[in-house]
2 protein chains.
Amino acid sequence: MTEAMLVVSALDAAGYRLTGPRRALATVMAEMDGPFTAARVAGEAHDRGIRVGRATVFRTIDALERAGAIERIDLPSGEHAYVACAPAHHHHVVCSACGHTAEVADGALVALVTEIGRRTGFRIDEHRLELFGRCPSCVRAAGEGRG
Amino acid sequence: MTEAMLVVSALDAAGYRLTGPRRALATVMAEMDGPFTAARVAGEAHDRGIRVGRATVFRTIDALERAGAIERIDLPSGEHAYVACAPAHHHHVVCSACGHTAEVADGALVALVTEIGRRTGFRIDEHRLELFGRCPSCVRAAGEGRG
DNA sequence: CATCAAGTGAGACTGTGTATCATCTTGCCA
DNA sequence: TGGCAAGATGATACACAGTCTCACTTGATG
Ligand SMILES: [Mn+2]
Ligand SMILES: [Mn+2]
Ligand SMILES: [Zn+2]
Ligand SMILES: [Zn+2]
């Protein structure tokens, strides 16, 4: 609930109009558990009786991404997923079993990126670190299975 | 030339058959300058008079990726591109102006990933670092423009 | 060579994302 | 409070990425 409002206010702050479809979709996305694809948002919206065009789903994802309220994750499968998250720069660990994510602060990575820039001679202005594995609870569940 | 042979032998080592289409496409990919999309491989092959089905391009990219001879890069635009590269684990810096890439050894990143695993409780088994910016020669070119 | 599992190409098909355009809404202001 | 222009919407058509099927071909192996 308050999560959806954060998403909506990010839209507002970025100068986008606060429309019905955007509010509804922001709520759907904020309540999603783990990364979601455009198709899943459209499906979930449909299931809740929210009647919104497919193009609007893509446009809203686009607007939210530009507003910094959601972020794209390129899954190893090639799919594009998104997660609602803080507007500050950070990265994500994604559980490949249940989809839960955790945010990871940039921390030591900035120094590493600087060093890579120095060594390669590239002027690096964008980087992306994505981590995949099992979240604590899925690790625990798997352990029990064989324990 | 020898680059293409490396790609072909990686295929061989992974137990794939060495067919005409695969050799031809491996050559095309090895000679590509910077990351290439499936569509660009198909286009380039066509331009060289190599008659090969579109499905085969996708299947060959797939086989080469599994063989470790090429690697996918998720461009910020959302496109999927590939680069021919060494089979050892590493990452890429991509020039967003000219497309040139440089390989970056994992180095200090492994420790960082371990630390992230410890802090988040995730058992991380895959990570991906992608860096985008300007290569040395594009930086130089831009500098001259205003010098 | 003969054999046959693996690979190929044509083409249909699914899915993602974009373009168009007539219609509707929002934010703003008189 | 109503009027309006810019911006947003949705229906639909479209462009493109990637997969699937299936009849046919080819490479590796002996
Ligand atoms: Mn995030
Ligand atoms: Mn590589
Ligand atoms: Zn999990
Ligand atoms: Zn460059």
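Keep in mind that the numbers below use all heavy atoms, side chains included, and drop hydrogens, waters and symmetry copies. Residue numbering restarts at 1 for every chain, and letters A, B, ... go by the order of the sequence lines.
As rounded to whole Å, 11 Å separates atom C1' of C:dT16 from atom NE2 of B:His80. As a whole-Å value, the separation of B:Leu11 CG from C:dA6 C1' is 13 Å. For the pair B:Glu79 CD and C:dT16 P, the interatomic distance rounds to 18 Å; values are reported in whole Å.
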**OP:** Please test A:Arg22 against A:Val8 for side chain to side chain contact (heavy atoms under 4.5 Å, CB included), starting from the C-alpha separation and ending with a verdict.
**Re:** CA-CA 8 Å; A:Arg22 282 180 182 163; A:Val8 166; over 6 Å; no
**OP:** Applying side chain to side chain contact (heavy atoms under 4.5 Å, CB included), run through A:Glu65 and A:Glu71 and close with a yes or a no.
**Re:** CA-CA 6 Å; A:Glu65 192 180 15; A:Glu71 199 171 311; 6.0 Å; no
Original post:
Between B:Leu112 and B:Leu109, does a side chain to side chain contact (heavy atoms under 4.5 Å, CB included) hold up when you go through it step by step?
Top reply: CA-CA 5 Å; B:Leu112 182 54; B:Leu109 188 57; 3.8 Å; yes
**OP:** Please test B:Phe132 against B:Leu75 for side chain to side chain contact (heavy atoms under 4.5 Å, CB included), starting from the C-alpha separation and ending with a verdict.
**Re:** CA-CA 9 Å; B:Phe132 303 92; B:Leu75 301 180; 4.1 Å; yes
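Using cut-offs of 30° and 60° on the angle between ring planes, the pair B:His127 and B:His89 is perpendicular. Using cut-offs of 30° and 60° on the angle between ring planes, the pair A:His80 and B:His80 is perpendicular.
A heavy-atom distance below 4.0 Å to DNA chain C is reached by these residues of residues 49-61 of chain A, ordered by number: A:Arg54, A:Ala55, A:Phe58, A:Arg59.
Using a 4.0 Å cutoff to heavy atoms of chain B, the contacted part of DNA chain D runs 5' to 3' from D:dA17 to D:dA28.
Here the side chains of B:Glu103 and B:His92 are in contact, with some heavy-atom distance below 4.5 Å. Between B:Leu25 and B:Met29 the shortest side-chain heavy-atom distance falls below 4.5 Å.
The pair A:Arg40-A:Glu44 does not count as a salt bridge, with every side-chain nitrogen at least 4.0 angstrom from each carboxylate oxygen. No salt bridge links B:Glu126 with B:Arg128; every basic N to acidic carboxylate O contact stays at or beyond 4.0 Å.
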Original post:
Once each nucleotide of nucleotides 23-30 of chain C is scored for protein heavy atoms under 4.0 Å, what B/S/- sequence comes out, 5' to 3'?
Top reply: --BBS---
